[in-house]
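One structure is given below, encoded as structure tokens.
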Amino acid sequence: ANAAEIGFASRDFKAEETVADALESGVYCQDAVVVVVESSNAAVESLTKQQVYDIFTGAVSNWEELK
């Protein structure tokens, strides 16, 4: 009694992840992602948002794929 479960996600909810039964939902904060690349890595000078996404989702697994 008098309790509520609180949860957070650092992404948008998928359509199948309903929050209709929630007391409240909305954006609490936005995460920041900082990408650091070794300065001697000649394969990368800059990255697009899509390239960073591809790296973190595993679509890109080799620096050479970013050219």
**OP:** Could you tell me the separation between the CG atom of Leu66 and the CG atom of Asn41, rounded to the nearest 0.5 Å?
**Re:** 9.0 Å

Original post:
Do Tyr53 and Val35 belong together in a cluster built from hydrophobic side chains that touch within less than 4.5 Å?
Top reply: no

Original post:
Counting only heavy atoms not in Glu17, do more than 12 fall under 6.0 Å of its CD?
Top reply: yes

Original post:
After noting the C-alpha distance and the side-chain angles of Leu47 and Ile55, does the key distance pass the side-chain contact (heavy atoms from CB on, under 4.5 Å) rule?
Top reply: CA-CA 10 Å; Leu47 296 171; Ile55 291 167; 4.3 Å; yes

Subject >> Same cluster (ILVMFWY, side-chain, under 4.5 Å), Val60 and Trp63 >> reply: yes

